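All values derive from a computational prediction rather than experimental measurement. Each chain gets a letter, A, B and so on, in the order the sequences are listed, and its residues count up from 1.
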Amino acid sequence: MARSGIASDLFRCEGHRMTASEVWLQIATIGIAITGSLLVLFDDRRLLVFTLAVQYALVAFLISCVLNVQIAAAKLVAGMVSCVIFLIYLRTVRTNPAEDILRTIPFNRLFRVLAVLLVLLVALGVSTGNLVNLEGLPPEIGTGTALLICLSFLHLGLCEEPLRVGIGLLTFLSGFEITYSILEPSLAVVGLLASVHVGIALVCGYLTLVHDIDQSETRL
Amino acid sequence: MSVPLIILILTGILAIVVLPFRSRLRLTASIASAGALMIGGFTLLATLEEPFVLLGVSLKWSGTWHLLGRSMTLDQGNRAAVAFMYLVGSLIFGGVWIARPNRTFIFVGIISIGVVAASFMIQPFLFAAIFLEITAMGAVLILSSRESRFRSGIVRLLVLYTFGMVAILIAGWILESQGVTPATPELATRATILLALGFCVLMAVPPFHIWLPGAAEQSNPYALAFVTILLQSAGVFFLLRFLDSFVWLRENLGLFQGIRVAAIVMICLGSVWALAQRSLRKIMAYALLSDFGVTLLAIGTNTPAGFQLAIDLAGIRAISLTVLGIGLATIENYRPESNEDFKYKGVAYYSPFSVVAAITGLLSVAGFPLSAGFPGRWALIVALLDADLIAGLSVILSLACIGAIALRWLRIFLSADYAGKPIAMPLVERGFMIAGVAFCVLLGIFPQLSYPWVVEAVAGMTQLFP
């Protein structure tokens, strides 16, 4: 928490001119918006996992701006381990199961693009209020949190396929942790939350595997 | 050495020991049951913070284990609850080879019990929410089976528990760092809303119960019984610890009114939905929803007797659900292959012990007279009829609806459509089921047998039980 004060000084605008750190923070936030949107739009499972890995890197960068690099690195490692777990499971299942995704509502590309645009607007609206913004912290932290949480809700609402649900949950947790890590930076909590990421990847990967085996048997 | 560390190490060893024998169900069940019994006994009997001599060696065990700036503590406040989880685990693992859930059941089950025990011991206890999320992950693995293609109920369980964890963690941060007191009503309201959201998920308050019917339809009934015992017992204990720790929460009368309303909704919806079901598994799910509501109603009374009743009901549920789960699982396991259109008619003639177990378990979950669930409900009805008539009537409605369903299913089981010979069920399986049924009836006739445990379990909550 001691660094949050320093961070606020670092990121305070002088006139209208932005510092280099502010520019990097904004780039990371835009990156998060793009990766979060792509996670909803992509169908190919491997692409989804690679996008998730990039998203973890951006989240770790945002956290490293206000906290110790070690904590950000721990989150990055947990995220990468989760992605590797997904990739290991994906070696034994199909990479593009578009035809039998467990849908809850219409899932075509145009619908998803419109939904993502709407949710991005909602997230930006939420981030301007004081719901996710904390005093003394750069506004990009709140914006990143709002973007990831709102996009994860969309992701979770669109379908019930285990892999997508897993990615949606990991996106939700990433968004939550951007802010929560600053509020509660203890190592024990960081470790426990990291284990939650890995656990979700393991469980959802396993369910994906079982789900796909069942479908293969049904087709045969 | 610290006792929490020993408990967790023993749990880990037990899980590793059973892992290679997963395919030999009877052996695994015996090892797991005996191991859990030993850990539960150790938890109850371990000498804390006092020197003692063991095999000629002088020892002193600490009740606290420090880890990365946090700690795990075993004391009078949580010792009985931790032991309870292991003893229930011992009972349930003992019946695994009869009910035959999936192969991961015992391994993941042991780890899940260890995680719930850790959630009881973690300090500050607010972080127990993370352990409950990890338990939910174990529950997903226990519930997943290859019988059913769609696993939406199981996936929903994971999603809801993740949301619940986040809500409780944020509430915990507000409570810890913002200093909530009765003098800070705005902060107290925020924290209360977040806690209410988190506990609605943990206690399966509608609409957060949506995982339950789906999971019941897609899983082995015995696995569902284990998971609900684990998650609900942890949820009840967690809620009571919150009430014990925060005075502003205890003094918030609106909160208890809200709990009572939620409980009445759960009881009525659970009972009515159960009446409308044709699937036995879904009936089990909705009967459970109604039962959770009764437990919540006991907490909503906001009296020490009510809190004790809630603990008692959670404990009794473990017995009732084990018997119900094993009855339903064996009915399905012993279903005749020739009976493709399985409609349960005449089941009582070829699998009488399973039917007796299933009906007794369901009657006990309903709180029918002479069953284990009855004394707790009767005490609650007596307490509520003066204070809150609608709440009292809702418990009676639940008892009548679920009891009627049990009797209706007994009639179906006895309808003589089946002309084959009775199944030769092994003696030990019959013995296990008879013992379960006898235990259910015994606790119904002599409720005082479970009462000392309840008093012990709540002894450490000095604010709730002055």
Side-chain angles (χ1 to χ4, degrees), chain A residues 1 100 102 104 131-132 134 149 152-153 155-157 159-166 168-173 175-177 179-218, chain B residues 66-72 102 104 108 111 115 118-119 122-124 126-163 165-167 169-170 172-174 176-178 190 210 214 218:
Chain A
M1 287 301 288
D100 46 34
L102 293 176
T104 51
L131 194 65
V132 290
L134 297 170
I149 289 179
S152 71
F153 283 155
H155 206 155
L156 290 168
C159 71
E160 291 186 322
E161 189 208 350
L163 183 90
R164 280 188 167 271
V165 169
L169 283 178
L170 293 177
T171 305
F172 173 74
L173 280 176
F176 162 69
E177 282 182 45
T179 301
Y180 191 71
S181 308
I182 298 161
L183 304 175
E184 183 60 59
S186 89
L187 271 179
V189 177
V190 169
L192 280 172
L193 285 173
S195 69
V196 170
H197 280 259
V198 175
I200 287 177
L202 275 171
V203 168
C204 290
Y206 172 76
L207 289 179
T208 305
L209 189 67
V210 179
H211 175 68
D212 273 41
I213 290 170
D214 285 355
Q215 287 191 327
S216 309
E217 285 174 358
T218 309
Chain B
H66 295 283
L67 177 72
L68 296 172
R70 304 285 162 191
S71 64
M72 289 208 184
N102 69 28
T104 56
V108 180
I111 293 174
V115 175
S119 82
I122 186 80
Q123 295 293 341
L126 300 163
F127 297 118
I130 304 178
F131 287 94
L132 292 184
E133 163 77 358
I134 297 171
T135 311
M137 288 175 204
V140 169
L141 293 178
I142 289 170
L143 289 173
S144 66
S145 72
R146 295 192 58 194
E147 286 172 27
S148 170
R149 187 180 157 191
F150 297 106
R151 295 177 180 81
S152 54
I154 301 166
V155 170
R156 284 173 192 163
L157 166 70
L158 188 63
V159 173
L160 287 173
Y161 266 73
T162 307
F163 291 162
M165 173 193 74
V166 166
L169 283 179
I170 299 173
W173 170 74
I174 293 175
E176 264 204 334
S177 61
Q178 308 284 303
R190 277 189 202 174
I210 49 166
Q218 297 149 8

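Under a 3.5 Å cut-off, the side chain of Q123(B) and the backbone N or O of S71(B) do not form any donor-acceptor pair.
The two atoms that bring I154(B) and S144(B) nearest to each other are CD1-CA, 3.7 Å, heavy atoms only.
With a 4.5 angstrom heavy-atom cutoff, I134(B) touches chain A only via side-chain atoms. Heavy-atom distances place the side chain of V165(A), and not its backbone, under 4.5 Å from chain B. No part of L202(A) comes within reach of chain B, as not one of its non-hydrogen atoms sits under 4.5 angstrom from that chain.
For the salt bridge (Lys or Arg N to Asp or Glu O under 4.0 Å) test, residues two or more places apart in sequence or in another chain that qualify with E177(A) are K75(A).
In terms of heavy-atom pairs under 4.5 Å with chain B, the best-connected choice from G199(A), C204(A), G191(A) is G199(A).
Taking the six-membered ring where the residue is Trp, the centroids of F153(A) and F163(B) are separated by under 6.0 Å.
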